[in-house]
Amino acid sequence: MAEGLRSLEILDLSYCNLIDGGLPEDIGCLSSLKELNLNRNNFERLPQSIAQLGSLRFLDLSECMRLTEFLGVNMAEGIAQLGSLQLLDLSYCKRLKELPGFTGMQYLDTLDLSFCNLTDGGLPEDIGSSFLKELNLFGNNFEHLPRSIAQLGALRTLDLSHCKRLTQLPEFPRQLHTICADWSNDWIFNSLFQNISVLQHDIYASDSLSLRVSTSMASSSSSASNSLYWKYDVFLSFRGEDTRRNFTSHLYQGLKNRGIFTFLDDKRLENGDSISEELGKAIEVSQVAVIVFSRNYAMSRWCLNELVKIMECKEKENGQTVIPIFCDVDPSHVRYQSKSFEEAFAKHESRYKDDVEGMQKVQGWRTALTAAANLKGYVFPNGVNSDADCIEHIVDQISSKCNTSVSYLQEVVGIDTQLRKVESLLQMEINDVRIVWIWGMGGVGKTTLAKTIFFKLSSKFKDVCFLENIKENKYGIHSLQNIILSKLLGEKENCVKDKEEGRSLLAKRLRCKKVLIVLDDIDHRDQLDYLAKDLGWFDKGSRIIATTRDKRLIGENDIVYEVETLLDCDAIKLFNQYAFKEKVPNERFKNLTLKIVSLAKGHPLALKVWGSSLHRMDITEWESALVRIKKNSDVEITENLKISYDGLEPEEQEIFLDIACFFRGIEKEKVMQVLESYYTGPKIGLRVLVNKSLVIISKNNEIEMHDLIQDMGKCIVQMQKHPGEYSRLWNVKDFKEVIDNNMGTMAVEAIWFTYFEELSFNKEAMKNMKMLRILCIRNKYEKNKTTSSDSNCHAGSIEYLSNNLRWFVWHHYPWQLLPENFNPKGLVHLDLRWSSLHYLWNETKERLPSLRFLDLRGSKNLKRTPDFKAMPNLEYLDLRECRSLEEVQNSLGCSRKLIGLDLSYCESLERFPYVNAESLKSLNLINCYSLEKFPEFLGIMKPELQITMSYSGIRELPLSIIHPQAHLTELFLLGLKNLVSLPSSICKLKGLVRIDVSFCVKLERLPEEIGDLENLKFLDAHSTLISRPPSSIVHLNKLKFLNFAKRVDGVYFFFPQVDEGLCSLKELDLSYCNLIDGGLPEDIGSLSSLEELYLFGNNFEHLPQSISELGALRLLNLSDCKRLTQLPEFPQQLDTIHADWSNDSICNSLFQNISSLQHDICTSDSLSLRVFTTGEDNIPRWFHHLEDGTSIFVKLPKNWYVSENFLGFAVCFSGQFIDGIAHLFCYHGRPVTCIAQKLALSSRSKYRFIPATHFFLVPLTGLLDKLKANGKTPNDYGCIKLTFPEEVKKCGLRLLYKHHDSCKLGSRYSENNIGNSAYEGHMFLLFVTEQLESWPEKEICERTWSSHVSANRAKGTISRNQTYSTGVGVGAGVV
């Protein structure tokens, strides 16, 4: 994988028809990947490196029906490494032999194993060790489930629908509240209530008995449960051959663009009498069914059965919506089965005439059609709006039917009343633009309320944007403007660079947009002024919602909703949710609950935090907490939240303060690396903080917390008198005060900030900070800031750094050395990128025994590496762009735990003797120009080691990296300027798929045995000295890409005989290879799979005749072949040809070729013509007649048509090509007669969608019969007109003949020809520029007379006073 993809977060390869090998084996190097969509592919196994995707949250493998292995033999170990995975979808993976174990997958909350053909034993016994919240098992074949399901303590939803062999439900987990199953089975129903009985057997008696309710999603009790039930938003039913490639594809794309999850069976066969079980299930679990009725819909029994199933689901009243769309068909034809539907049913009834059951089915089809046609639907096209507008309107209506609200928002206590009040202020029924403010204190629920409204109203808007937590934005207002422009207009990221430019762009571009925008947590007037200052920026119907704590930001006349605290009943309910986790509270806690809730005064955050803190506490601890809360009853809510902090263990308190001061909004994995460098149990500590509602892990796996909780944490730190006694410093101002006044004390444990201005240091500034464990100083501008040894600090060196440091980051460290007495034996992470270091220390010492990560990248003055013997645990070493570094010390061979080493762009590096390969997974030597010898490997190399050495000075490849046990699949050697040859041993690497030796400018040959690489698919050797590839190269029968292009004078290139080899080759590039006649093999035509052949810049005069036998060839490039005078005979599939169009012989042979390809074209009303394309965007001079625009009008010479010699009109046009209709008109003199021919143009060229030049030949085949019918011959017609679609910019035309002697007839003519009496009768229509059949008779007379008079006056043959009469006959064949 490319280095640049390492920051990739979302990768969607759905529906890509991937097979084994389609995914790169090193996909695991995408260390930032969070979402991977692979549904609907055809591979049988996944690369094992997927287990290395430690940041992965979402993995979708649904409908990968050939998948047999999840992660191969190391499955249990591999899946444990995916510890951050939250959602795993394996639905419809029917061939999966083994499911992963779930030990270690602590964040997995959703698992979909629907229709996986699971039987008893198919589910792992350890499934109960996971933290699943939702488990979908519908459509499987087990009779029993693992008992450990009862141990799924977090499980809330379990779907066992369509598990037909299941006769008993498993023991329910405690948190389960939604269960789907086959309720028609009495045994299932009985076991449901047996389970419920067990769960509440110890319920106490009281005046009000609290009973637990379990919900089945098959019921219609509430839309909330239904919204969780739907697997798809929309199911599309359509007749494939009618609408798959037009209306349905556009509708599907429109739905997809709106984020509407749509089931589209794009590979439907539509035969047989019944639909598949999978399709039936898809209909059942779709919230909206859209039926696209077309003319031939009823011809398909498949479609009709699908329709019956849809209508059956609708009749069950489970909340499903059905929307019919009548595509080019009248609704009455569907309702009454008339016209094409009548014809279809006549065939069905004929088929089943002797089959009673069949006729009943036919009647069922009729009933379903009538019922569906009676529903409210849409007609397409509607005859009023454009097709695009019609589809957009339909998508809008479908979107409004889909329940897009997020399930967790439906559980928010006490939100319904507030929601109604805000909606009443928004007044959606009024078509104006308005802003509504949501105002209230921190933690009262402003964001939750805004988010709920946003999800509820989103379906009413095409363009929506939610800007969350604006107050915390650190990248400037222009970054927020970029987000709005991206979300609402689809602009690229960073399209504006400053806020003024952004404000101007927002004001201009959103005026025609009806938008919904939420601006969450505004704390400064500028934020509103530059994001939504003027309501005139937006189109009518737009709504802006803004939340804030600061009422001063709200205008006098603005609409404001003040968020209310919770009512007592809702407050108790919310508190109980967190204190008892939905269990029925013990009566002894009732009075304490009421007292604590009353002290919270309806504040949701306080209720949530206090409830979480008291969970599982005994009554004594509750009473103690109540005392502390009462004690602070007059203090603001932030102080009261401290009670939850006081209940933490000491290490948990320290972790909490670190997060509050430094790590909010940072990815969890990165935070854990810091915490693990100092604390003994950070994972457990973080889990406790999450459980107590002090910390949240966001959907992006970032650590978050509420503003009030963060404020509380910072207040705890700042309780001391002055910053020098703070345990943590995160504010630059405080840091400067401490440094400038030498106020540092033993109390300071951590410093973490980003600075914007220059910093100055006292040499002894940090002398007293002996307990400092974290020091992180970064520059806002990072690499763009230039530094020198004293650019932003006092000269010399800082003299003191704490030896207690565990995590040390200082970007642009300004001194040449680290302090001499700095000996941090516990240091784990050292990042001094872009520093001014010359050395780490002057002398070698045993200094860093715990160091695992060392980053010195961009330290341009670094002279030598440190002694690695002092770093026995080093795992990652980054020295890239250390441009003065000349040597890597031998001691690196001692680093047995080294995993990653990056030396790229170390341009001066000459000596790198050893590296230990026992643990090494990545070695990067890109652009090490001066390094000629590859380092010797110590230890056994790992199979997964990735080595990159492009553009280095390496002279030869070491045997250590190319032995057969290396398991190499790719060999990237591009740009090795000193490489002369490849060792023959690479031919033993049977797993090699790709070799790239391009730009190895001294490479003269490939190994003779290269044909042994049986799996090789890609070989790039362009810009090398290779002139004769080994003959064995033709044995590479899996090779798809081969490139030997070069620019080397004086060396002739010869390609070996193909001998029917290279049978998979699709692209061959031999450009500028100095090929002469004989350089290409005569049997090149046996390359049966070749699609693209690049031969430009060569010196041959003739090409092998067998090129015409390249049956798959689509593109042939012969540009800049100056000796070539004639194009070869074209293969049948060719559609793109590049050549020297300034050469008339080349142009002529092009059309001779085209003529031979379509010589047997048939006559029809619309003549289908093949278009050939070239990449240039200009008309060759070979065409005598040229015009700008979309039409060309040409006068024809006398006797222009010569039977058996005239081939047709050679036509050329430039511009973007879209398959369409051109028209050819031929005109005859007085009276004016015209014949017309439609020309249906089509092209498959890769250049058809960009400006290019296109050629086609119009034969007279389609016109001759019309001429004969009118009693005319071609020579009776004196001019022609050709019109094109609007995309055409220029066009050219020439008359084409078999023999060159006749070409003079198609040349340009002098003015003398106009006076020729035999031609005069045809001439007077020369200036006509519109389609004649659209003119009224009078206008034709005027225009023809005016044209004739003007022409003759120019010659002086008609005087100004002379009158002239003309008549125009109107009749058959006459215009």
Whether Asp1012 side chain and Cys987 backbone form a donor-acceptor pair below 3.5 Å: no
Ring center gap for Phe1172 and Phe1255 short of 6.0 angstrom: no
Ring centers of Trp1200, Tyr1297 separated by less than 6.0 Å: no
Backbone of His1022 reached by a side-chain donor or acceptor of Ser998 within 3.5 Å: no
Salt bridge (charged side-chain N to carboxylate O under 4.0 Å, His left out) contacts in which one or both residues fall within residues 1085-1113, not counting sequence neighbours: Glu1092-Lys1246
Parallel, tilted or perpendicular, as decided by the 30° and 60° cut-offs, for the rings of Phe1044 and Phe1053: tilted
Shortest non-hydrogen separation from Ser984 to Glu1009 and the atoms involved: CB-OE1, 3.6 Å
Lys988 with Glu1014: basic N within carboxylate O range, under 4.0 Å: no
Short side-chain to backbone donor-acceptor contact, Asp1083 and Val1058, under 3.5 Å: yes
Asn1199 side-chain N/O to Asn1275 backbone N/O, donor-acceptor pair under 3.5 Å: no
Straight-line distance of Leu1068 CG to Phe1055 CZ, nearest 0.5 Å: 5.5 Å
Gap between atom CG of Leu46 and atom CD1 of Ile27 - 0.5 Å precision: 8.5 Å
Check: Phe1183 ring centroid to Phe1213 ring centroid under 6.0 Å: no
For residues 1117-1131, which side-chain N or O atoms pair as donor and acceptor with protein atoms under 3.5 Å away, sequence neighbours left out?
from	atom 1	to	atom 2	distance (Å)
Asn1117	OD1	Ser1119	N	3.0
Asn1117	OD1	Ser1119	OG	3.0
Asp1120	OD2	Tyr1072	OH	2.9

With sequence neighbours excluded, residues passing side chain to side chain contact (heavy atoms under 4.5 Å, CB included) with Asp1188: Lys1290
